[in-house]
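Please read the structure below before turning to the comments.
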Amino acid sequence: MSSQHFIQQIISADLNSGKHQQVHTRFPPEPNGYLHIGHAKAICLSFGLAEEHQGLVNLRFDDTNPEKESQEYVDAIRRDVSWLGYTWNGGEHYTSDQFEKLFQFAVQLIESGKAYVDHQSAEDMGAQKGTPTSPGSNSPHRNRTIAENLALFQEMRAGVHPDGHCVLRAKIDMTHANMHMRDPIIYRIKRAHHQRTGDDWCIYPMYDFAHGQCDSLEGITHSLCTLEFEVHRPLYAWFIENLDIFPSRQIEFARLNLDHTIMSKRKLLRLVEEGHVDGWDDPRMPTISGLRRRGFTPESIRTFCERVGIAKRENVIDFSLLEWALRDHLNRTAPRAMAVLDPIKLTLVNYPEGQTESLTSENNPEDPDAGVRTLPFSGQLWMEREDFKLEANKKWFRLAPGKTVRLKSAFIVRYVDHVLDDSGQVSEVKVEYFPDSRSGSDTSGIKAKGTLHWVNVDTAIDAEVRLYDRLFSDPAPDGHEGKDFTDFINPNSLTIRPHCMLEPSLANADAENPIQFTRLGYFSLDQKRTEEIGRPAWNRSVTLKDGWKG
RNA sequence: UGCCCCAUGGUGUAAUGGUAGCACACCGGUUUUUGGUACCGUCAGUCAAGGUUCGAGUCCUUGUGGGGCAACCA
C-alpha cells in the first residue's frame with residue numbers, strides 16, 4: 001500500500017466517515033486559452049481521484065466572461081483532455097447552463113437581506129474596499145430595502161441600466177481581514193455576446209458567485225483547485241452556507257511550475273500573438289497541444305504528473321523529469337530506425353561495384369515481440385558528420401584515421417581515406433569493410449568499440465528534421481523584476497535540418513507512432529509541417545541521454 | 001506593518017509521535033552491435049531557537065525565509 005497525499009487522505013476520511021458515498025470531482029477550465037502541462041497536473045488529479053474510487057468527473061467550462069472566451073478554446077480543451085486518455089463520465093457542463101439558476105440564487109440572497117445593488121463608480125468602490133492592512137468602509141447604498149434591491153436587480157437583468165452603471169454585491173463585512181469577504185461584487189452588467197447564450201443576458205455572475213454554486217448543483221464532493229484560490233474558500237463556503245445548498249468542499253494544491261518555461265495563459269498568449277512561436281501547438285510550447293505535436297505521449301505526461309506529486313508547497317520541477325518520463329515510455333515502445341541528420345558520404349572502397357544486399361535489424365532491443373525489419377545496404381552510404389573526426393584520442397570510439405567501427409546491424413569497417421570539399425570540410429569518408437563481420441554471423445574476430453548508424457544512399461528518404469532546445473535560456477524567465485520574459489527567449493530554440501537521410505522503412509510513418517532514431521533520440525512525424533512542405537518533416541521530441549563525456 | 005498558506009538532499013515527494021525512504025538530476029562502475037537501455041554504487045536533507053515527551057521531521061511557542069490576498073478576470 002503506497003502512501004497517500006493529503007487530498008487522498010481527506011477523501012478516504014470522507015468515505016470512511018460516511019460523509020460521502022461516492023467521489024465526484026470536476027475539471028473546470030475557462031475556455032479562454034489552450035491547456036498546458038500545469039492543467040495536465042490538475043486533470044490527472046481530479047480524473048485520477050475519481051478513477052481510483054470508481055467515482056465521477058465532470059468537465060465544466062467556466063464561461064462567465066464572454067469577452068475572453070470562445071468555441072475554439074472549448075474544442076481545444078475537449079481534444080486535449082481526451083487525448084490525455086480521460087473521459088468525463090459525469091458529463092460535460094457549462095456554467096452558462098446555470099445562468100437562470102444563479103440568477104435565482106442572487107434573488108434568494110437579496111430576499112434574505114444578504115445582497116444589495118450598488119450604484120457607485122468602480123473607483124469609489126475600490127477606495128471603500130480598503131487595503132490588506134486597513135479595513136474598508138460601507139457603501140452608501142448598503143442599506144437599501146429588499147424591495148428596492150429586488151427591483152433594481154430585475155432592472156439590471158432587463159437591460160434598463162448601461163454597462164457598468166451598477167453591480168450586485170454580497171453583504172458580508174467591509175472590515176473583514178480577508179479582502180474577498182468585503183462585500184464582493186457578484187453580478188455585473190456586460191453587454192457582450194456569449195458563445196452559448198448569445199444575447200440572452202446582459203448581466204453575468206462573477207467567478208466567486210458561480211463556481212461554488214455550480215460545484216454544488218453538480219453534486220461535486222471535492223472541488224480541487226490551485227493555491228491562489230485559498231483566500232476565496234471562505235467566500236465559496238459562505239455562498240453555499242447562506243444559500244443552503246449541497247456542501248461541496250474546495251481543496252487547494254500547489255500549481256505546477258517547470259523550469260525554463262512559463263505557465264501563465266496570458267503570457268503564452270503573448271508568445272503566440274507576438275509571433276515568438278508558431279501557434280498554441282508550437283512544439284516548443286508547454287501546452288498539451290504543443291507537447292503532443294512535439295511527440296510526447298499521453299502516458300509520459302501522466303507518468304510525469306504522478307512523479308510530480310501533490311502538495312501545498314510552491315515547487316519548480318526540473319524539465320529533465322518530463323524528458324525522463326518520455327524516454328522511459330518510448331524506450332519500451334518506440335520502434336528503432338536509422339536516420340542521418342547531417343549527412344556526409346561513407347564509401348566502402350572494397351565493396352563490389354553495383355552490388356546491394358538486405359540486412360535485418362531488430363525493431364526494438366527492449367521488446368523481442370517488435371520483430372525485425374530489412375535494411376538495404378550497398379557500398380554507398382550516408383554517415384553522420386559528427387561521427388568522424390580528423391584528430392581523435394583513445395576515448396573516441398567513432399571513425400577517425402586509424403579507427404575501426406561497426407556499422408549498426410551491418411559490417412565492421414576501417415578508415416582508409418577522406419575527402420575535403422572546397423571549403424575544407426570533410427565531405428566523404430572512405431573505408432574498407434570486412435565481409436566476414438556481417439552482423440549476426442561475424443567470424444572476423446575483429447573488435448570494434450563504437451557502433452555507427454548509417455543510411456543506404458540509393459534508398460534514402462529525404463526529410464526535414466526539426467531540432468528543439470528550450471524556449472527560454474533562463475530557468476525562471478518570468479522571475480526577473482524589471483525584465484520581460486520575452487527578453488530570455490532562446491534564439492536557438494529551433495534548428496532546422498532541411499535535408500536529412502532516413503531509412504526507407506520510415507516511408508510508412510505516421511504522427512501517432514514515435515520512432516527512435518538510433519543513437520539520436522525520439523522523433524515523430526509532424527503532420528502539419530509535412531503537408532506544408534510536401535515532403536516528410538520530423539520533430540525531435542527528446543534526445544537520448546548522452547553518456548559520452550568527450 | 002493586517003490576514004491566510006507553506007518550509008525534508010540540487011529538484012520533487014514520503015515518513016500520520018518510534019530505523020529519515022523513493023524518484024529525477026549529478027558522479028563512478030558492470031553489461032552492451034545505440035557512448036541508449038538494464039544493473040550496481042557514490043554524493044547529499046528535516047530553516048532557527050526554545051518547549052512538551054521515554055522518544056519530535058511530525059505537537060506547542062517565537063523567530064526567519066518563501067508564496068498569496070486590494071480586477072465590474074478566472
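Per chain, numbering begins at 1; letters A, B, ... match sequence-line order. Only a predicted model underlies this, so the values are computations on that prediction, with no experimental measurement involved.
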Q. Do A:Arg398 and A:Trp548 meet the cation-pi criteria used here (NZ or CZ under 6.0 Å from the six-membered ring centre, within 45° of the axis)?
A. yes
Q: Kindly point out which of B:U34, B:C72, B:G2 is positioned nearest to the side chain of A:Arg519?
A: B:U34
**Q.** Proximal nucleotide (of B:G67, B:G35, B:A74) relative to the A:Glu314 side chain
**A.** B:G67
Q. How is A:Asn178 classified with respect to the nucleic acid when contacts are heavy atoms under 4.0 Å: base, sugar-phosphate, or nothing?
A. nothing
Q. Are A:His453 and A:Arg519 close enough that a side-chain donor and a side-chain acceptor fall under 3.5 Å?
A. yes
Q: Would you please say whether a donor-acceptor pair under 3.5 Å links the side chains of A:Ser300 and A:Thr297?
A: yes
(Q) Once you apply a heavy-atom cut-off of 4.0 Å, does A:Arg398 come out as touching a base, just sugar-phosphate, or nothing? (A) base
Q: Using the closest heavy atom to pick a nucleotide of RNA chain B for each, name whichever of A:Glu69 or A:Ile317 lands nearer the 5' end.
A: A:Ile317
Q: Give A:Val167 one of three labels, base, sugar-phosphate or nothing, depending on what nucleic acid heavy atoms sit under 4.0 Å from its own.
A: base
Q) Nearest to the side chain of A:Asn331, which nucleotide is it out of B:U37, B:A14, B:G12? A) B:U37
Q.
Looking at A:Trp454, I'd like to know if the NZ or CZ of A:Lys408 sits under 6.0 Å from its six-membered ring centre while staying within 45 degrees of the ring's axis.
A. no
Q: For A:Asn58 and A:Glu218, test the side chains for any donor-to-acceptor distance below 3.5 angstrom and give the result as yes or no.
A: yes
**Q.** Closest to side chain of A:Asp62, choosing from B:A74, B:G35, B:C6
**A.** B:A74
Q) So what does A:Ser134 hit on the nucleic acid, given a heavy-atom distance under 4.0 Å: a base, only sugar-phosphate, or nothing? A) nothing
(Q) Would the base of B:U33 count as contacting A:Ser439 through its side chain, where contact means a donor and an acceptor less than 3.5 Å apart? (A) yes
Q: Report the residues that fulfil side chain to side chain donor-acceptor pair (under 3.5 Å) with A:Asn331, sequence neighbours left out, ordered by chain and then residue number.
A: A:Arg336
Q) So, does the side chain of A:Arg336 form a donor-acceptor pair with the base of B:U34 at under 3.5 Å? A) yes
(Q) Can you work out whether A:Tyr207 or A:Gln516 has the more 5'-proximal nearest nucleotide on RNA chain B? (A) A:Gln516
Q) Is the NZ or CZ atom of A:Arg196 both under 6.0 Å from the centre of the six-membered ring of A:Tyr94 and within 45° of that ring's axis? A) yes
Q | Sugar-phosphate only, base, or nothing, as touched by A:Gln120 at under 4.0 Å among non-hydrogen atoms | A | base
Q. Looking across every strand, which nucleic acid part, if any, lies under 4.0 Å from A:Ile310 by heavy atom: base, sugar-phosphate, or nothing?
A. sugar-phosphate
Nucleotide N/O of nucleotides 25-32 of chain B paired with protein N/O under 3.5 Å:
none

Q: Output the residues of residues 187-196 of chain A in contact with RNA chain B, where contact means a heavy atom of the residue under 4.0 Å from an atom of the strand; sort by number or write none.
A: A:Arg188, A:Lys190
**Q.** NZ or CZ of A:Lys449 within 45° of A:Phe397 ring axis and under 6.0 Å
**A.** yes
**Q.** Nearest-nucleotide pick for A:Lys129, side chain only, options being B:A70, B:G12, B:C4
**A.** B:A70
(Q) Please report whether the ring centroid of A:Tyr204 lies less than 6.0 Å from that of A:Phe99. (A) yes
Q | Sugar-phosphate only, base, or nothing, as touched by A:Gly440 at under 4.0 Å among non-hydrogen atoms | A | base
**Q.** Dot-bracket pairing map - RNA chain B, Watson-Crick plus G-U, both contacts under 3.5 Å, | cross-strand
**A.** .((((((..((((....[..))))..((((.......)))).....(((((..]....))))))))))).....
Q) Base, sugar-phosphate alone, or nothing: which one does A:Ala122 contact when heavy atoms must sit under 4.0 Å apart? A) base
Q: Report the nucleotide, chosen from B:A23, B:U33, B:U13, that has the shortest atom-to-atom distance to any side-chain atom of A:Asn315.
A: B:U13
Q. Quick one: which of B:A71, B:A70, B:A74 gets closest to the side chain of A:His232?
A. B:A74
(Q) Base, sugar-phosphate or nothing for A:Gly164? Non-hydrogen atoms, less than 4.0 Å. (A) base
Q: Would you mind telling me which of B:A74, B:A71, B:U33 lies closest to the side-chain atoms of A:Thr451?
A: B:U33
Q: Taking the side chain as every heavy atom from C-beta outward, state whether A:Asp367 and A:Thr333 have any pair of such atoms under 4.5 Å apart.
A: no
Q.
Below 4.0 angstrom, which residues in residues 361-371 of chain A have at least one non-hydrogen atom near RNA chain B?
A. A:Pro365, A:Glu366
Q: Name the nucleic acid region contacted by A:Arg406, choosing base, sugar-phosphate or nothing; use a 4.0 angstrom heavy-atom cut-off, strictly under.
A: base
Q | Rounded distance in Å - CZ (A:Arg233) to P (B:C3) | A | 17 Å
Q | A:Glu432/A:Arg414 ion pair, N-O < 4.0 Å | A | yes
Q: Can you figure out which of B:C5, B:G12, B:A74 approaches the side chain of A:Val316 most closely?
A: B:G12
(Q) Taking any heavy-atom pair under 4.0 Å as a contact, classify A:Glu252: base, sugar-phosphate, or nothing. (A) nothing
Q) Which residue pairs satisfy the side chain to side chain donor-acceptor pair (under 3.5 Å) criterion with at least one member in residues 164-175 of chain A, sequence neighbours excluded? A) A:Asp118-A:Arg169, A:His161-A:His165, A:Asp173-A:Thr175
Q | B:A38 and B:A20, which share atom name P, separated by this distance in whole Å | A | 30 Å
Q: Pick base, sugar-phosphate or nothing for A:Met206, based on heavy-atom distances below 4.0 Å to the nucleic acid.
A: sugar-phosphate
Q: Just call it for A:His176: base, sugar-phosphate, or nothing, with non-hydrogen atoms closer than 4.0 Å on any strand.
A: nothing
(Q) Of the listed nucleotides (B:G2, B:A74, B:U13), which one gets closest to any side-chain atom of A:Phe229? (A) B:A74
Q. Which part of the nucleic acid does A:Leu227 contact within heavy-atom distance under 4.0 Å: base, sugar-phosphate only, or nothing?
A. nothing
